[in-house]
Structures are given as structure tokens and as C-alpha cells.
Amino acid sequence: MIDLARNVRLWLAPQEIREEGTTPDYRFSLANERTFLAWLRTALALIGGGFAVDQFLPDLRWGWRVGLALALLAAGVLCSLRAVNHWMRCERAMRKGEDLPVSRFPAVLSLVVAVVALAMVVVVLVGWEG
């Protein structure tokens, strides 16, 4: 828990990361940043999908519409938080010469997106009125 609190503090003060270890090759830091930005694009796409389901499918039953929209929005929020946390953890690991951190998050996000996609397939096959 202490490590999580430290990571959250470093999100808002990334200059403090320079106090740890040695500066890695800038190409690795830039690659880490590109990965961070890819996660943010994914988060924005999930959030946009959540709003699209809510706004553009008004004939869909309320429970389906809200459930699908909230699942996508929640996945987008988690993805954006995961992006900054993973960026910070990777930057710290590179500076310390440690192995890069591993995570189950990509698998969990994939499963959430797959479940929402399957629910949308059911909606399409059964029809808007369910």
C-alpha cells in the first residue's frame, strides 16, 4: 500500500523520479511514453464508446444501454489510471536497472472488452427491443 501511495504521489511530481537510480537511455524513456500515450488513446476510445452506446442507442432497453455504457466508461477510467501507473513503474524500474513490471491488466481489459462486445452481438442479433 505504501508503494501505491508513493506511485500516486509521483504521478503529480515526476521530477522526483530522477532521484532514483541512473538515467536510462532516452530511447527507452520515449518508448515508455509512447506506450503511455497508446494506453490513453485506448482509454479515450473506451470512454467515447461508452458515451456512444448511451447517446446513440436510445431505443435499447435501459438496463442494457446503461450496463454497456457503464462497463465501457469504467474500463476507460481504469485504463487511464493504469496508463500513468504503469508509466511510472516502468520509468522507476528502468532507472534502477530492474526488470520491467508485469501486470494482469491487459488480460483483464481484453476480457471486459470481449464481454461488452459479446453483449453487443446479442443486442444486434436479438434486436433493439431485446
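Residues: numbered from 1 along the sequence shown. The structure displayed is predicted, hence computed values, not measured ones.
No continuous path of ILVMFWY side-chain contacts below 4.5 Å connects Leu72 to Leu111, so the two sit in separate hydrophobic clusters. Under a hydrophobic-cluster definition in which Ile, Leu, Val, Met, Phe, Trp and Tyr are linked whenever side-chain heavy atoms come within less than 4.5 Å, directly or via other members, Trp64 and Leu73 are assigned to different clusters. Taken together through direct or relayed side-chain contacts under 4.5 Å among Ile, Leu, Val, Met, Phe, Trp and Tyr, Val53 and Phe51 form parts of separate hydrophobic clusters. Placement of Leu81 and Ile17 within a single hydrophobic cluster is found when ILVMFWY residues are connected by side-chain heavy-atom separations under 4.5 Å, directly or transitively. No chain of hydrophobic side-chain contacts below 4.5 Å, direct or via other Ile, Leu, Val, Met, Phe, Trp or Tyr residues, connects Ile47 to Leu78.
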### Task
Determine, step by step, whether Leu10 and Glu91 satisfy the side-chain contact (heavy atoms from CB on, under 4.5 Å) criterion, reporting the C-alpha distance in whole Å, the side-chain angles of both residues, the deciding distance to 0.1 Å, and the verdict.
CA-CA 11 Å; Leu10 288 173; Glu91 195 65 30; over 6 Å; no

### Query
side chain to side chain donor-acceptor pair (under 3.5 Å) between Arg89 and Ser103: does it pass, once the steps are laid out?
CA-CA 11 Å; Arg89 289 175 58 212; Ser103 174; 5.2 Å; no

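Pairing each heavy atom of Ala43 with each of Ser80, the nearest pair is CB-N, 3.7 Å. Ala83 and Leu40 make their closest contact through CB-CD2, 4.2 Å (heavy atoms, listed as atom of the first residue, atom of the second, distance). Nearest heavy atom pair, residue Arg65 against residue Asp54, reads NE-OD1, 3.2 Å. Counting all heavy atoms, side chain and backbone alike, Cys90 lies closest to Leu100 at O-CD2, 4.0 Å. In this structure, Leu46 and Cys79 approach most closely via the heavy-atom pair CD1-CB, 4.4 Å. The minimum heavy-atom distance between Met94 and Phe28, with the atom names listed, is SD-CB, 3.5 Å.
Contact annotation: the side chain of Arg18 never approaches that of Thr23 to less than 4.5 Å [non-hydrogen atoms, C-beta and beyond]. Under the 4.5 Å side-chain criterion, counting only non-hydrogen atoms from C-beta, Asn85 is in contact with Trp11. A heavy-atom distance below 4.5 Å is found between the side chains of Trp39 and Leu109.
Heavy atoms of other residues, nucleotides or ligands lying less than 6.0 angstrom from CG of Asp99 number 12 at most.
No donor-acceptor pair closer than 3.5 Å links the side chain of Arg82 to the backbone N or O of Phe105.
Using a 4.0 Å cut-off between charged side-chain N and carboxylate O, Glu20 and Arg92 make a salt bridge.
Within the model, atoms CE of Met88 and CZ of Phe36 stand 9.5 Å from one another, a figure rounded to the nearest 0.5 Å.
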